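Note on naming: letters A, B, ... go to the chains in the order of the sequence lines (proteins, then strands), and numbering restarts at 1 for each one. As the structure is a computational prediction, the values presented were derived from the model and not from experiment.
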Amino acid sequence: MVRVPARRRRAFQRRLLAWYRRSRRDLPWRRTRNPYHVLVSEIMLQQTQVARVVPKYREWLTRYPSIEALARAGAREVREAWYPLGYNARPLRLRDIARAALRRHRGRIPQTREELLALKGIGPYTAGAVLSFAFGRDEPVLDTNVRRVLRRVFLGEAARPADRALWDLAAALLPRGRAYDFNQALMDLGATVCTARRPGCRACPLARLCVSYPLAAGAAPQNPVTW
DNA sequence: AACACGGGGTT
DNA sequence: AACCCAGTGTT
């Protein structure tokens, strides 16, 4: 386990949320809490860049404005509507989720982690995203952005932590009642500042807290975080 | 733990 | 020609 002192945790939360207030991206799925809309965006965003998802997300919701409309669609049709996003099992699973919602959940997207994970196409990331973004629950997310930010800030660039440790860390850092903004902020920071290549440490609100930053600045390596 | 699964943008 | 991308399901 990674232990984070309360003082450092609060500084992390405060700096991240303050940065997000002024620097967040305006994305279409941040303008709704409709669980179906949120789910569509999250399935589309699996291993797929935001810029490529935005137009397809709008088209999809025009063509399939409701769970019922999607549930009625044929396999060929949804696959064509999905092209060229790739990972073409996703549109079929999304349609099957719509059908399962109608048959087993009164036409609604389920609101518990267990029920969400029981649906093919929804894994730990997407379950956390739906719970925090659509239902306002205090649940962490761990995607490629969050994984990179937490690894760099708390463990160092060279660390190869198991997912278990990063999920625990994401959960431990979560400010009560602020999961929506906190999770979005973490992903935004990873996507726009703490990028995989050429991270923008100069613009990073967490640089002063970051284990990796002293290395980037050419200073002596800092002690690794205690496990 | 490792691998397959799409396709397009970036370096 | 690699690398990367709001991961998931299957060995």
Side-chain angles (χ1 to χ4, degrees), chain A residues 16 20 23-33 35-61 75-76 78-97 100 109-110 113-135 137 139-152 157 159-167 169-171 173-174 179-200:
Chain A
L16 180 64
Y20 181 66
S23 305
R24 66 182 165 196
R25 293 174 290 178
D26 181 20
L27 302 172
W29 45 86
R30 286 179 179 168
R31 294 171 169 267
T32 179
R33 294 208 179 189
Y36 167 62
H37 295 191
V38 170
L39 180 63
V40 168
S41 74
E42 294 302 338
I43 300 283
M44 284 188 172
L45 285 162
Q46 291 169 1
Q47 289 291 284
T48 310
Q49 290 92 333
V50 166
R52 295 184 55 213
V53 167
V54 170
K56 189 56 70 174
Y57 169 81
R58 300 187 196 282
E59 291 171 28
W60 186 275
L61 291 183
R76 163 90 54 84
V78 293
R79 204 188 146 125
E80 285 171 1
W82 193 262
Y83 186 86
L85 290 182
Y87 288 112
N88 299 317
R90 289 186 295 172
L92 298 179
R93 288 178 176 151
L94 183 54
R95 187 216 38 193
D96 290 345
I97 290 169
I109 304 300
R113 174 172 291 273
E114 185 180 8
E115 289 171 321
L116 288 167
L117 290 177
L119 301 168
K120 298 285 189 187
I122 298 183
Y125 164 76
T126 303
V130 169
L131 290 170
S132 63
F133 301 150
F135 300 122
R137 303 267 291 280
E139 294 283 341
V141 296
L142 186 64
D143 74 332
T144 187
N145 292 302
V146 177
R147 194 173 273 116
R148 183 175 54 248
V149 171
L150 296 185
R151 179 171 52 78
R152 284 178 172 163
E157 189 68 86
R160 296 292 179 268
D163 272 4
R164 174 76 263 160
L166 293 178
W167 275 107
L169 188 52
L173 292 168
L174 208 58
Y180 186 105
D181 282 346
F182 182 80
N183 288 340
Q184 295 281 2
L186 224 31
M187 290 193 286
D188 252 13
L189 189 74
T192 65
V193 176
C194 193
T195 49
R197 292 173 283 194
R198 283 174 38 85

Report task. Could you check whether A/Thr195 gets within reach of a base, just the sugar-phosphate, or nothing at all, counting any heavy atom under 4.0 Å? Result -> nothing
Report summary line: Minimal heavy-atom distance between A/Ala179 and A/Ser132, with the atoms involved, is CB-CB, 4.2 Å
Query raised in the report: How would you give the extent of chain A contacts on DNA chain C, as first and last nucleotide 5' to 3' within a 4.0 Å heavy-atom cut-off?
Result: C/dC3 to C/dT10
Query - Minimal non-hydrogen separation, A/Asn145 against A/Gly190, with atom names - result: OD1-C, 3.3 Å
Report task. Over all heavy atoms of both residues, which pair between A/Gly128 and A/Val141 is shortest? Give the atoms and the distance, please. Result -> C-CG1, 3.6 Å
**Report entry** CZ/A/Arg79: more than 12 non-hydrogen atoms of other groups inside 6.0 Å
**Finding:** no
**Report entry** Pair A/Gln184-A/Arg24, side-chain donor/acceptor within less than 3.5 Å
**Finding:** no
Requested in this report: Provide the distance between the two C1' atoms, one in C/dG9 and one in B/dG8, to the nearest whole Å.
Outcome: 23 Å
Report summary line: Heavy-atom contacts, protein to nucleotides 3-11 of chain B, under 4.0 Å, summarised as B (base), S (sugar-phosphate only) or - (none) per nt, yield --BBBBB-S
Report task. Between C/dC3 and B/dC3, how far apart are the P atoms? Round to whole Å, please. Result -> 15 Å
Query raised in the report: Between C/dA6 and B/dA4, how far is it from one P atom to the other, in whole Å?
Result: 23 Å
Query raised in the report: How is A/Trp29 classified with respect to the nucleic acid when contacts are heavy atoms under 4.0 Å: base, sugar-phosphate, or nothing?
Result: base
Query raised in the report: Side chain of A/Arg113, backbone of A/Glu139: donor and acceptor closer than 3.5 Å?
Result: no
Query raised in the report: With sequence neighbours excluded, what pairs up with A/Tyr180 under the ring-ring contact (aromatic ring centres under 6.0 Å, His included) test?
Result: A/Phe133
Report task. With heavy atoms under 4.0 Å as the rule, sort A/Arg25 into base, sugar-phosphate or nothing. Result -> base
Requested in this report: Would you kindly compare A/Val50 and A/Leu117 by the position of their nearest DNA chain C nucleotide and give the one closer to the 5′ end?
Outcome: A/Val50
**Report entry** Heavy-atom pair of closest approach, residues A/Met187 and A/Tyr125
**Finding:** SD-OH, 3.6 Å
